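Inspection log for the structure reproduced underneath, given as structure tokens.
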Amino acid sequence: MKCLLVEDDQALARELSQALQDGDWIVERAENGQEADFLVRTEAYDTVILDIGLPDGDGTRWLSSWREDGIDLPVLILTARERWADKAAGFTAGADDYVTKPFEPAEVLFRLRALVRRTHGHAHPVLKVGELNLDTHTQHVTLAGRPVSLTAQETRLLSYLMHAAPRVVSRSELSEHVYDRDHEPDSNVIDVQVSRLRRKLGAWRIATLRGQGYRLLADEPSDS
């Protein structure tokens, strides 16, 4: 999953970025609202962490403009303001969740995971597709109750497919959401990593729809 972190406090941004990366997130950063606005409108993200107190204005101003323009990705607000009126202003602008500084990075991780799950229609922290399970908190994968050893990139790829299931996910969507913007792969790299997942999970579990992309299956197709 890919997150845009909008925070002008460099020390805090570094600390939170590291925590997110340790949790298998891809993190891109912006230091002000104008930069964040450009990235939100031109890049694909699964969620945004938005500081309210930005150098070029209140973060809620940028958030309001995104919502007015139909940009509906989940946004978690960070702020040092503790008044209820400030929190209400954030929610009114279109925020999905709110964390007050100072905070534990782990709390932000838990909230982000919950936001992304709900966006894809999942309430439970363990995603299930047939006998395949993914714990979104630990990133541990099991198949029929047995642990599956995956690389970090394989886990990110599988996690995105499981969040999206049973929807078909195109190669371009995977490239945008599972890989860093500066290191986006060509389609062959994605094909290779999907092949590795198939060897570990069973070839039939990830179906290829020619010209469309990939779909994670819960049940093995019949031969008929």
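These numbers come from a predicted model, not from an experiment. The residues of the chain are indexed from 1 along the displayed sequence.
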So, [X] side chain and [Y] main chain: donor-acceptor pair closer than 3.5 Å or not?
X    : Y    : result
E35  : E31  : yes
S65  : W62  : yes
Q153 : V178 : yes
T60  : G90  : no
T138 : H140 : yes
T47  : P74  : yes
R113 : T136 : yes
D56  : Q34  : yes
H120 : H122 : no

Give, for atom [atom1] of [X] and atom [atom2] of [Y], the distance between the pair rounded to the nearest 0.5 Å.
X    : Y    : atom1 : atom2 : value
L16  : R14  : CG    : CZ    : 12.5 Å
R205 : D219 : CZ    : CG    : 9.0 Å
L132 : T142 : CG    : OG1   : 7.0 Å
L158 : I206 : CG    : CD1   : 6.5 Å
Y160 : H177 : OH    : NE2   : 3.5 Å
L197 : L150 : CG    : CG    : 6.0 Å

On a heavy-atom basis, which atom in [X] and which in [Y] lie closest, and how many Å separate them?
X    : Y    : value
A218 : W204 : O-CH2, 3.8 Å
S170 : S172 : OG-OG, 3.0 Å
G33  : L54  : N-CD1, 3.7 Å
A30  : L39  : CB-CD1, 4.2 Å

Say whether [X] and [Y], considering side chains only, have a donor N or O and an acceptor N or O under 3.5 Å apart.
X    : Y    : answer
Q10  : R29  : yes
D135 : Q139 : no
W66  : D37  : yes
D191 : Y214 : yes

So V141 and N133, side chain to side chain contact (heavy atoms under 4.5 Å, CB included) or not? Walk me through it. CA-CA 6 Å; V141 176; N133 288 2; over 6 Å; no

[X]/[Y] ion pair, N-O < 4.0 Å:
X    : Y    : answer
K200 : E154 : yes
D69  : R41  : yes
R67  : D96  : yes
D46  : K2   : no
K101 : E7   : yes
R83  : D86  : yes

Go through it in stages, so that I can follow the logic: the residues are R171 and E176, the test is salt bridge (Lys or Arg N to Asp or Glu O under 4.0 Å), and I'd like the CA-CA distance, side-chain angles, deciding distance and then a yes or no. CA-CA 9 Å; R171 286 181 175 85; E176 291 173 341; over 6 Å; no

So among I77, V6, V108, which one has a side-chain contact (heavy atoms from CB on, under 4.5 Å) with I49? V108

Could you tell me whether the side chain of [Y] reaches within less than 4.5 Å of the side chain of [X], counting heavy atoms only?
X    : Y    : result
L216 : P166 : no
T119 : D72  : no
Y45  : E28  : yes
R198 : T208 : yes
Y179 : Q193 : yes

Check the hydrophobic clustering (I, L, V, M, F, W, Y; side-chain heavy atoms under 4.5 Å; chains of links allowed) and say if [X] and [Y] are grouped together.
X    : Y    : result
L5   : I71  : no
W25  : L12  : yes
L76  : I26  : no
M162 : V168 : no
F110 : L78  : no

F38 atom CZ: more than 12 heavy-atom contacts under 6.0 Å: no

Side chain to side chain contact (heavy atoms under 4.5 Å, CB included), that's the test. Do L161 and L174 meet it? Break it down for me. CA-CA 9 Å; L161 290 172; L174 287 173; 4.3 Å; yes

Verify side chain to side chain contact (heavy atoms under 4.5 Å, CB included) between D8 and D51, making sure each step is shown before the conclusion. CA-CA 8 Å; D8 63 313; D51 185 23; 3.2 Å; yes

R199 and V194: side chain to side chain contact (heavy atoms under 4.5 Å, CB included), yes or no, with the steps? CA-CA 9 Å; R199 286 198 295 270; V194 168; over 6 Å; no

